[in-house]
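First the structure, in the form of structure tokens, and then the observations on it.
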Amino acid sequence: MGRSEPMAAAGARPAVPPLPGCPGWLARAREAAGRRAEVLGQPTRRDEYWRFTNPAPLLAAAAPDPSAAGPAAAGQGAAASAFAAIAALRLVFRDGILDAAASDDPRLGGVEILSLAEAARAGWAEDLYGRLEAQGQAPVPRPFAAANTAGAGAGLLIRARTRAARPVMIVYERSSGVSDAILHHCVKLDAGAELTLVEVGTGAARLSVVTEVEVGAGAVFHHVRAQGPEEGAVTASHLFARLEARAELRSFTLTANGALTRNEAFVELAGAGGLAHLAGAALGDGAFHHDDTVFVRHLAEGCESRQVFKKVLRHGATGVFQGKIHVLAQAQKTDGYQLSQALLLDEDARFLAKPELEIYADDVRCSHGSTAGAIEAGALFYLRARGLPRAEAEALLVLAFLAEAVAEIAEPDLARAVEALLGDWIGRHRG
Amino acid sequence: MLRIDDLHARLADEDKAILKGLTLAVAAGSVHAIMGPNGSGKSTLSFVLAGRDGYEVTAGGATLDGADLLAMEPEARAAAGLFLAFQYPVEIPGVGNMTFLRTALNAQRKARGEAEVSAADFLRLVRDKARALAIDAEMLKRPVNVGFSGGEKKRNEILQMAVLEPRMCILDETDSGLDVDAMRLVAEGVNRLRDAGRAFLVITHYQRLLDHIRPDVVHIMADGRIVRSGGPELALEVERGGYADILAEVA
């Protein structure tokens, strides 16, 4: 890690900008994160987990202008309409600012929803804000996450006390050309609670979003994200999650387009019998660099973790997968699985994978696999011999390739929305 | 219906001729069988007719109802009424059998300028035909051919044939890997489809399938061409004396 340069995550703004109405605990958490970010410094290509991804667009003084890459609103509509039928409570962030007028009334049965500006009323968040992020800095530093904790200007504090009456959907919109946003969300599920969180849209020309999630004993957290579809956007996301006994986390991320997307996940299974499933489907055509850096740590007995990440790449698009299953000595009876696969639609596309297993317990079942390949000629001929035109046959095989990741979405209506977006993207990127 | 005229073909990668002047005419309403020893070019013939990549036609031609088959893309051949029941049906994880069948049927109908079949009509259509082949709802839901036994895969091929209703059906070693019961189901499926407007080309190594699907004409293929043609009795001759006797006689 280069220590000479101070961390400036998003442009030339101060590391810890003032946040109006900020309670003392939050101010201290942000200051501490500012110091953390300074110590971590800026990542460089020499760092082990930045070898495959150039962090420059995340470090640049100014955000890129996505409109240079394509019409801004073209795909935004598709993403929003795919999820239109989901009966969720919607909260809208435009260019990184909560748009209360465009959002639903945040009152929801079983759930408390406050904005970061209302942190003074969410004392419970003191035990969460910046805490999971700080714990997630070892063994692999995540400097953009520390900078986010220090500099976030907005976000949501969501606490589910029981079963949420409806899913909560965060809609990210971008209106101005070069918006540069930092968002930080905290989500706490009390023991036995259930919550579905959906995140949809691009949000800003450059977006850093950190989500810290604490899943209490026996609680169930479903998380579905649809990033994109703006061509030139730059995104760094971090999901930090800690699961207590018998807790469940299922997180799925669809990424369509985007110049650079780095999705990091750091999940700790801290109580016995927990379950963490992380999945993703990424679609890139042309100037697209997509990086999943996933770290699952088993701290307790009898937990199950799955990582299923699929990428469809063409015309010079690059996919990166860095995934680790880390099983500590006490985490006997761990069931760990990791799969990363890329479908390369032409010879210009690239997939770089670094699957890792680090296991200190002796009674565990862990497996991993990573493949990259083209559309299978035999399958393509079989479909064409039954009458499917080449483009239609290829589209069907691309969807089939992604199906295993989409199957990780537990809720059928959300899975259908994701499938609609996948079908739409494939339809627009044929031939 | 199907005319193959002095067809020469080779593997594109290797400079190896496989079909060496094959001529054959199959009339509507008839069933022709092609028998021959391994390596005689039987499967190559089926792939060349269906349009698989990797083969190069160096001379001769093939037409379906007068249209130049070899100039068409594989999907156009299918829409024109050609169907190949694969010797090794391909497994396609992630694509449900029903979705596949319906997509294929509607793609063909669209190519012919016909209206698409509604989901409800399609369901009715498939259910009846599946029942006759002892294909249950579970098999229809599963991904195409994934985890199917050899017999299930072949029955699935015949189901596709029954749903797509092609006019020219080529069966490539459909009997390989089948037990007696599965063979009977498959043969009955084929026999149900026999009619005056449809023709079959049954490629097989053994005579036993022809006990169930009675051919009108039997051809013996060797070294890339038809060396002898005759009635059903020719298949029995193969059964009795093997290919060696017939080939010796021809040579």
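Letters go in sequence order (proteins before strands), and every chain restarts at 1. Heavy atoms only: backbone and side chains are in, while hydrogens, waters and symmetry mates are out.
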(request) Tabulate, in ascending numerical order, the residues of residues 101-119 of chain B having at least one heavy atom closer than 4.5 Å to a heavy atom of chain A, or enter 'none'. (result) B:Thr103, B:Ala104, B:Ala107, B:Gln108
(message) Counting only non-hydrogen atoms closer than 4.5 Å, can you tell me which residues of residues 334-346 of chain A sit against chain B?
(response) none
(message) Within the supplied structure, the quantity of interest is the number of heavy atoms (other residues, nucleotides, ligands) at a distance under 6.0 Å from B:Asp53 CG; does it exceed 12?
(response) no
(request) Would you indicate whether B:Arg10, at its atom CZ, is surrounded by more than 12 heavy atoms from other residues, nucleotides or ligands within a distance under 6.0 Å? (result) yes
(request) Can you tell which part of B:Pro166 gets under 4.5 Å to a heavy atom of chain A, answering side chain, backbone, both or neither? (result) neither
(message) Is there a side-chain contact between A:Leu283 and A:His290 in this structure, where contact means two heavy atoms from C-beta onward sitting under 4.5 Å apart?
(response) no
(message) When you compare the side chains of B:Lys154 and B:Ser176, does any donor N or O come within less than 3.5 Å of an acceptor on the partner?
(response) yes
(request) Would you mind checking if B:Lys129 and B:Glu165 are paired as a salt bridge, meaning a charged N to carboxylate O distance below 4.0 Å? (result) yes
(request) Kindly indicate whether the side chain of A:Phe309, heavy atoms from C-beta on, has any atom under 4.5 Å from the side chain of A:Leu278. (result) yes
(message) Heavy-atom cut-off 4.5 Å, strictly under: side chain, backbone, both or neither for A:Glu392 against chain B?
(response) side chain
(request) Pick one of side chain, backbone, both or neither for A:Ala403, based on which atoms fall under 4.5 Å of a heavy atom in chain B. (result) side chain
(request) State, without any angle test, whether A:Gln227 and A:Thr235 hold a side-chain donor-acceptor pair at a distance under 3.5 Å. (result) no
(message) So that I can tick it off, tell me whether B:Asp128 and B:Arg124 are bridged by a salt bridge, with the cut-off set at under 4.0 angstrom between side-chain N and carboxylate O.
(response) no
(request) Specify the closest pair of heavy atoms between B:Met1 and B:Ala28, including all atoms of both residues, with the distance to one decimal. (result) CE-CB, 3.8 Å
(message) Measuring only between side-chain heavy atoms, which start at C-beta, is A:Asn263 closer than 4.5 Å to A:Leu239?
(response) no
(message) Can you tell me which portion of A:Leu397 sits under 4.5 Å from chain B's heavy atoms? Options are side chain, backbone, both or neither.
(response) side chain
(request) Salt-bridge test for A:Arg306 and A:Glu304: reply yes if a basic N is under 4.0 Å from a carboxylate O, no otherwise. (result) no
(request) Verify the distance criterion only: is there a donor paired with an acceptor across the side chains of A:Asp285 and A:Trp425 at less than 3.5 Å? (result) no
(request) Could you verify whether a donor N or O on one side chain and an acceptor N or O on the other, from A:Glu199 and A:His223, lie under 3.5 Å apart? (result) yes
(request) Look at A:Glu394 together with A:Arg390 and state whether they make a salt bridge at an N to O cut-off of under 4.0 Å. (result) yes
(message) Tell me which of these, A:Ala379, A:Ala377, A:Ala407, A:Ala393, has more heavy-atom pairs under 4.5 Å with chain B than the rest.
(response) A:Ala379
(message) If the contact rule is any heavy atom under 4.5 Å from chain A, which residues of residues 65-87 of chain B qualify, in numerical order?
(response) B:Glu73, B:Pro74, B:Glu75, B:Ala78, B:Phe83, B:Leu84, B:Ala85, B:Phe86
(request) Go through the structure and list residues passing salt bridge (Lys or Arg N to Asp or Glu O under 4.0 Å) with B:Lys141, not counting sequence neighbours. (result) none
